Structures are given as structure tokens and as C-alpha cells.
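Structure first, commentary second.
Below, chains carry the letters A, B, ... as their sequence lines are ordered, and counting in each starts from 1. Quick caveat, the model's predicted, so the values are computed rather than measured.
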2 protein chains.
Amino acid sequence: MTTTALKARKEFGKTLASDIAHRLRNEIVTCQLKPNESLKFDALRLSFGASFTTLREALTLLVTEGLVVAEEQRGYKVAPVTLEDLDDLTHARILIEVDLLRRSIEKGDDEWEIRVISSLHRLARIEERAPEDYAGSAEWKAAHRQFHEALVSASGSPTLLAVRNSLFDRAERYRNLSAILRPRPRDKAGEHRALMQAAIGRNANQACDLIRSHIQTTSDNVAKYASGLISAG
Amino acid sequence: MTTTALKARKEFGKTLASDIAHRLRNEIVTCQLKPNESLKFDALRLSFGASFTTLREALTLLVTEGLVVAEEQRGYKVAPVTLEDLDDLTHARILIEVDLLRRSIEKGDDEWEIRVISSLHRLARIEERAPEDYAGSAEWKAAHRQFHEALVSASGSPTLLAVRNSLFDRAERYRNLSAILRPRPRDKAGEHRALMQAAIGRNANQACDLIRSHIQTTSDNVAKYASGLISAG
DNA sequence: ATGAGCAATATTTTCGAAAATAGTTATGGG
DNA sequence: CCCATAACTATTTTCGAAAATATTGCTCAT
């Protein structure tokens with residue numbers, strides 16, 4: 001738990017509650033707040049400088065996103081990480097992401113192509129600039145997220161997109177967890193480029209196969225390298 | 001808006017907030033609270049007898065379920081109903097429900113078969129007893145919900161099941177809306193029986209086709225009969 | 001008449017205190 | 001010594017007042 005902040009004002013969202021949710025989400029995904037860590041209101045109040053009520057609203061949000069679990073009358077804690085959960089998550093992600101990608105490829109217009117190409121370009125630049133441990137930087141993570149977001153951004157399905165986004169966060173937490181133990185990050189640059197080419201080339205079947213195995217092998221690697229950190233059940 | 005209640009105590013959930021959320025959800029799904037109706041705190045406070053904060057938490061939940069929309073700093077309102085939303089919802093439901101059903105059929109054990117058979121039996125009994133307008137009764141709706149829930153209950157995928165449940169609520173709101181105008185409810189008894197038989201018979205492909213067209217034709221009927229009530233965009 | 005600027009009102013958003021509940025330690029009887 | 005029970009502490013949950021923000025209505029100059 002970071003202990004410095006004492007009183008806080010909005011810096012991101014419209015309402016303070018959504019702002020707190022945003023920051024809390026980030027701390028959980030980056031594992032600054034560790035799995036199973038209990039989230040006590042007093043401590044959070046100190047750390048985020050918001051009142052009980054506002055924190056409660058933020059936590060309620062994160063519960064629906066699966067990053068926090070509530071034990072009624074006994075408080076909140078950071079959601080545990082388990083192999084079952086990782087499998088469940090991976091399955092759901094593949095199902096939804098494949099569908100969204102296929103429809104994006106069908107419907108995507110010029111603007112979509114530009115978003116895909118430019119976000120991949122940005123990602124590649126970051127990787128060139130710091131070939132050592134780029135995957136750890138917040139900058140790379142943001143660019144990585146944006147590339148995958150761009151791919152599915154033309155699907156025209158608000159409902160599934162919202163679900164997709166929260167699943168992406170949950171998955172990123174697992175990736176960050178495995179990064180602690182993994183010797184050297186897998187090189188995903190080639191996969192990303194192939195994905196972009198298949199998408200822009202309107203080769204839906206190929207692109208869907210690529211995204212499926214991209215998600216699956218990432219998950220397999222997490223299970224392989226982070227299994228020591230992941231509780232049994 | 002029902003205006004009678006003045007002060008309220010828990011009757012369903014663990015915490016008052018989840019209780020309020022449950023009741024609000026029900027009023028929205030049954031269209032007692034109409035689409036686009038603005039949800040003012042003073043009025044809700046009168047109607048549910050809870051404080052600002054508690055209501056806010058409940059509303060936050062319903063926003064993530066897509067039954068309420070928040071315009072930051074300008075309050076909450078019941079989510080609008082549109083043909084685009086109905087299409088989006090229907091697509092998402094088919095994608096997820098088909099996947100869950102297929103896996104339930106693969107994994108389902110004896111207890112699952114019993115749940116499917118008995119919930120269909122209960123549904124059929126309700127339909128026999130009151131063949132007139134059974135679909136309108138709360139009893140039928142609950143049994144109908146339980147049957148469909150039973151079908152997918154062996155999938156072993158908490159994440160997708162949670163999404164499925166909130167999509168079911170959103171869809172039920174559309175069904176209730178169309179029931180206002182529809183002359184006579186479509187007879188779904190046969191479809192439900194066929195669905196049960198395909199599932200229990202472990203005929204996955206057939207069952208998935210059936211659920212797909214069940215969801216799709218229900219949606220088509222809603223669009224047909226309720227289009228007058230559904231705003232253009 | 002019309003529209004800009006300002007005051008008054010309505011509504012949402014945030015706060016910290018108070019009530020309710022769970023967890024823990026102390027106490028007494030068997 | 002051990003278990004049940006009571007008192008106490010820690011923590012969550014709920015409340016209504018206060019601050020922040022948006023909306024409405026009014027005045028006045030053009």
C-alpha cells in the first residue's frame with residue numbers, strides 16, 4: 001500500500017468516484033495492490049484521501065469488473081488469482097475478442113485502418129527505442145492496449161466492447177504478475193505485425209486464428225512462469 | 001414511480017445497497033420505471049427510503065449492467081431502448097449463450113440434467129394452469145428464467161455466466177415492453193421442450209441452433225411489436 | 001422582441017459522524 | 001483445563017447535512 005497521499009482532488013475523470021476507481025484499478029492491475037490483499041477503508045482513505053462513501057462506490061465498480069471481491073459485512077479484498085480464474089478468463093476473452101475482431105474486419109472503414117496501423121507503429125517505435133525490457137514500461141503497456149483496442153474498435157458492439165475492456169484489465173494483471181518471475185519477455189512484435197496485416201488485408205479467418213493463439217499462448221506463459229505466485233484454488 | 005414507501009429495511013440481500021439495487025432492477029425490467037425516465041435522488045429517496053449514498057451505490061451497479069445510464073454531474077436515468085441496442089444485445093446474447101450451452105452439454109452431470117428437466121416441468125405446469133396470459137405473470141417469468149439458467153448452469157464459467165445474467169435482464173425488459181402491445185404471446189412451450197431434449201440428449205449442435213433461433217426470433221418479435229415504443233436512435 | 005449576463009433554485013456529489021455488525025479478548029462456571 | 005458467554009475493539013455500512021455543480025428564471029440593454 002502506498003502511504004503518501006493524504007488528501008486528493010480529481011485529476012482524471014468527471015466525478016471523484018470514477019477517478020478513484022481509475023486509480024485503484026491501476027494499482028490492482030499493476031500489482032501494487034497484491035492479490036488477496038484486504039482493502040480496509042481506513043487505509044484507503046489515507047491513501048486516496050476520499051471518504052467512505054466515495055471509496056465504496058469505486059469498490060462496487062471494481063467488483064463488477066472482477067478485480068475486487070466483496071465479502072458482505074466483512075469488507076473488500078483484491079480478487080485472488082488462480083489457475084481456474086485464468087482459464088475462465090482466457091476462454092471468455094477468446095470467445096469475445098474473436099467475434100469482435102471478425103466484425104471489425106467486416107465493417108472497418110478507412111479510419112479504422114489508420115487507427116490500427118498507427119497504433120502498431122507507435123508500439124514498434126517504443127520497442128525499438130528500448131529493446132531491453134520494454135514490456136515492463138507503462139508506456140509500452142498503454143501502446144499495447146491501444147493497438148488491441150484499435151483492432152476491435154470497428155465492431156460496433158458497445159456491450160461486448162465494455163466486457164472486453166474489463167477482461168483485458170483482468171488479463172493484464174496476470175501478465176504483470178508473471179513478468180515478476182519471467183526471465184525475458186516473449187517477443188510479441190512479430191505476432192502483432194502479422195495480426196495487423198491479416199486485419200488490414202481483410203483476411204478474417206487468419207486474423208481470428210492469430211488473435212486466438214496470441215491470447216492462448218500469453219495465458220499459457222503466465223501459467224508457466226507465474227504458477228508459483230498463483231494460489232492453488 | 002411508485003410513491004408509497006417512506007422508510008425501508010432489508011428484505012432480500014445482505015446489504016441494503018444490494019437490496020435496493022435488486023428492487024430497482026426489478027422495477028426497470030418490468031417497465032414500472034420507463035425507459036428514459038430520469039432517476040432523481042429525492043424521488044428515489046422517497047420511494048425506497050434509503051439515503052443518497054446508498055442509492056448512488058445501487059445506481060452505479062445498474063449502470064454497469066446497462067439498465068441505467070449516468071450523465072455525469074447531471075444525474076441518472078433509465079437506459080433508453082433502441083433498435084440498435086436490441087440488435088447489439090441480441091448478438092451478444094447469442095454469442096455467449098451458445099458457448100455456455102455447448103459447454104454445459106459437454107460437462108453436465110446428473111444434477112444438471114435434473115435441474116434442466118425439473119425447471120422445464122415447473123414451467124410447463126404454470127403454462128397448463130393458466131393458458132390465457134401466462135407469460136405476463138411474475139411466476140412464469142421466474143420459472144422461465146430458471147429454465148434458461150439451468151441449461152447453462154454446468155458450463156463452469158463464472159465470468160461469462162455473470163455477463164449472461166445481466167444480458168438476460170436487459171433482454172427481459174425488451175420482452176416486457178413488447179408484451180404491452182403484442183396481441184397474444186407466441187407459444188414458446190414447444191421450443192423449450194425441444195431445447196431440453198436436445199440438451200439432455202447431448203446433441204450439442206442441435207441445441208445450439210435451437211437456442212440461437214430462440215433468442216433471435218424473440219428479438220425479432222420484440223422489434224416487430226414494440227417498434228412503436230422504441231425510440232429511433 | 002431578443003439575447004446576454006446574473007441571481008435564484010434545483011440537483012448531484014462529497015463528506016465525516018453515527019449506527020450496525022463482525023472479530024477478539026476477558027471472565028466465570030463446570 | 002476447557003468451553004460458553006459477555007464485554008470490548010475493529011471495521012463496515014448507513015445516514016443526512018454541506019459543498020459543488022447545473023438549470024431555470026429574471027433583468028436590462030440593444
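If you measure from atom CG of D19(A) to atom P of dT13(C), you get 14 Å, rounded to the nearest angstrom. Here the C1' atom of nucleotide dT13(D) and the CZ atom of R45(A) are 14 Å apart, to the nearest Å. Distance, L55(B) CG to dT14(C) C1': 15 Å, rounded to whole Å. When rounded to the nearest whole Å, the span between NZ of K14(B) and P of dA22(C) equals 10 Å.
Pairs passing the salt bridge (charged side-chain N to carboxylate O under 4.0 Å, His left out) check and including a residue from residues 86-96 of chain B, sequence neighbours excluded, do not occur.
There is no side-chain donor-acceptor pair under 3.5 Å between E172(A) and N176(A).
Take R56(A) and apply the side-chain hydrogen bond (donor to acceptor under 3.5 Å, both in side chains) test, not counting sequence neighbours, and it matches E57(B). With sequence neighbours excluded, the residues satisfying side-chain contact (heavy atoms from CB on, under 4.5 Å) with N221(A) are R186(A), K224(A), Y225(A). Annotation: ring-ring contact (aromatic ring centres under 6.0 Å, His included) contacts of H144(A) (sequence neighbours excluded): W140(A), H148(A), H192(A).
Residues I20(B) and L44(B) fail the side-chain proximity criterion, which asks for heavy atoms closer than 4.5 Å. In this structure the side chain of N165(B) reaches within 4.5 angstrom of the side chain of E149(B), judged on heavy atoms.
Of all heavy-atom pairs between P80(A) and D85(A), the closest is O-OD2, 4.4 Å.
Taking a 4.0 Å limit (strictly below) on heavy-atom distances, residues 57-66 of chain A does not reach DNA chain D anywhere.
In terms of polar N and O atoms assigned as donor or acceptor, the side chain of T53(B) comes within less than 3.5 Å of the base of dC15(C) in a complementary pairing.
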Review item, nucleotides 9-12 of chain C N/O atoms under 3.5 Å of protein N/O:
unit_1	atom_1	unit_2	atom_2	d
dT12(C)	OP2	F41(B)	N	3.0

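Of the candidates dC15(D), dC15(C), dT13(C), dC15(C) carries the atom nearest the S51(A) side chain, counting heavy atoms from C-beta on.
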